[in-house]
Amino acid sequence: QKEVEQDPGPLSVPEGAIVSLNCTYSNSAFQYFMWYRQYSRKGPELLMYTYSSGNKEDGRFTAQVDKSSKYISLFIRDSQPSDSATYLCAMSDGDMRFGAGTRLTVKP
Amino acid sequence: GAGVSQSPRYKVAKRGQDVALRCDPISGHVSLFWYQQALGQGPEFLTYFQNEAQLDKSGLPSDRFFAERPEGSVSTLKIQRTQQEDSAVYLCASSPQSPNEKLFFGSGTQLSVL
């Protein structure tokens, strides 16, 4: 079993939809939780960063961390075609581990 | 430059060749990481530098892989006697000293070993 599990998708939604992405993990020592966005042929870029449990909102993006369930989520409201990318969850206890990434397509 | 720069963007090597991949981190960033990303997978950690010191090389898959950062800025990842299973995208990331979790990635070098 991998330390970080992420459904690879692909996920296809119409423009304006609410998107829900999530990851589960097994290492209870993880304290930092991140979401990275990766466009085709580009490196990942940091989207959201959360320390420990709770919610964090930034514009159309909301990150949630539930440490008791070892479950993190990223919600995208009013999704746009420009949100089409692969979304990688990542978590760290000093050593960072990435999920496999979920490929998202937002159709106009 | 404003971001992490990697070169070359693409590299095709014949099996058995040596390759060298270069990373120019963001100016002033102390920490530098190398990751390997296979198709359809997330990045896998290879090695980590703080300034010129290589503090963690536990992710290097074999002794054919070697990384250096002699002056604490530019880094080179060298792969000797390349094998087909080395084909992947090699990503470099840099970070301000703390926290290391906020990584800034380059666009990567796509290595194809034939």
Side-chain angles (χ1 to χ4, degrees), chain A residues 1-11 21-27 29-52 56 58 63 65 67 72 74 85-105, chain B residues 1-11 21-26 29 31-50 55-60 77 88-112:
Chain A
Q1 185 187 5
K2 290 185 177 180
E3 275 189 292
V4 180
E5 297 280 357
Q6 183 175 12
D7 186 340
L11 183 62
L21 306 167
N22 53 74
C23 290
T24 58
Y25 62 94
S26 56
N27 184 353
F30 287 140
Q31 292 287 338
Y32 300 92
F33 303 90
M34 284 71 62
W35 286 94
Y36 284 82
R37 178 174 62 195
Q38 187 173 24
Y39 291 113
S40 181
R41 296 186 181 86
K42 295 289 187 181
E45 58 176 324
L46 183 63
L47 203 56
M48 299 290 281
Y49 170 90
T50 309
Y51 173 71
S52 194
K56 186 171 184 178
D58 185 0
V65 175
K67 291 188 70 177
I72 71 170
L74 177 70
T86 296
Y87 289 80
L88 299 155
C89 64
M91 36 204 86
S92 175
D93 58 353
D95 292 328
M96 190 175 298
R97 296 287 182 266
F98 284 86
T102 299
R103 187 170 176 182
L104 171 68
T105 300
Chain B
V4 177
S5 177
Q6 291 188 248
S7 61
R9 285 285 281 121
Y10 303 93
K11 177 68 179 177
L21 313 180
R22 177 189 168 101
C23 173
D24 264 290
I26 292 173
H29 278 196
S31 299
L32 185 145
F33 301 78
W34 284 98
Y35 285 85
Q36 181 189 60
Q37 187 173 27
L39 189 64
Q41 298 296 315
E44 295 282 344
F45 171 79
L46 293 176
T47 188
Y48 160 57
F49 290 85
Q50 188 171 86
L55 298 186
D56 188 347
K57 55 182 180 180
S58 61
L60 296 176
L77 176 67
V89 175
Y90 290 85
L91 293 165
C92 176
S94 69
S95 173
Q97 187 165 6
S98 177
N100 282 336
E101 290 74 18
K102 293 187 176 179
L103 301 181
F104 296 81
F105 283 88
S107 292
T109 293
Q110 184 168 338
L111 173 65
S112 298

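Below, chains carry the letters A, B, ... as their sequence lines are ordered, and counting in each starts from 1.
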With chain A, the option among B/Phe33, B/Tyr35, B/Phe104 that has the most non-hydrogen atom pairs under 4.5 Å is B/Tyr35
More than 12 foreign heavy atoms under 6.0 Å from NZ of A/Lys67: is that the case here? yes
Could you state the interatomic distance from CD (B/Gln37) to OG1 (A/Thr86), rounded to the nearest 0.5 Å? 8.5 Å
Less than 4.5 Å to any heavy atom of chain B: does that hold for the side chain of A/Pro44, its backbone, both, or neither? both
How close do B/Pro43 and A/Leu88 get, heavy atom to heavy atom, and via which atoms? CD-CD1, 4.1 Å
Does any part of the side chain of A/Asp95, heavy atoms only, come nearer than 4.5 Å to the side chain of B/Ser58, both counted from C-beta? no
Check step by step if side chain to side chain contact (heavy atoms under 4.5 Å, CB included) holds for A/Met34 and B/Leu103. CA-CA 10 Å; A/Met34 284 71 62; B/Leu103 301 181; over 6 Å; no
State the CD-CD distance between A/Gln6 and B/Gln41, to the nearest 0.5 angstrom. 10.5 Å
With a 6.0 Å cut-off (strictly less than), is the heavy-atom count around CG of B/Leu55, excluding the residue itself, greater than 12? yes
Looking at B/Glu44, I'd like to know if its CD atom is crowded, meaning that more than 12 non-hydrogen atoms belonging to other residues, nucleotides or ligands lie closer than 6.0 Å. no
Nearest heavy atoms of B/Leu91 and A/Gly43, plus distance in Å: CD2-CA, 4.1 Å
How would you list all residue pairs meeting salt bridge (charged side-chain N to carboxylate O under 4.0 Å, His left out) that involve residues 35-52 of chain A, not counting sequence neighbours? A/Arg37-A/Glu45
As an exercise: rank A/Gln38, A/Arg97, A/Met91 by heavy-atom pairs under 4.5 Å with chain B and give me the winner. A/Gln38
If I measure from the heavy atoms of chain B, does A/Tyr39 come under 4.5 Å with its side chain, its backbone, both, or neither? neither
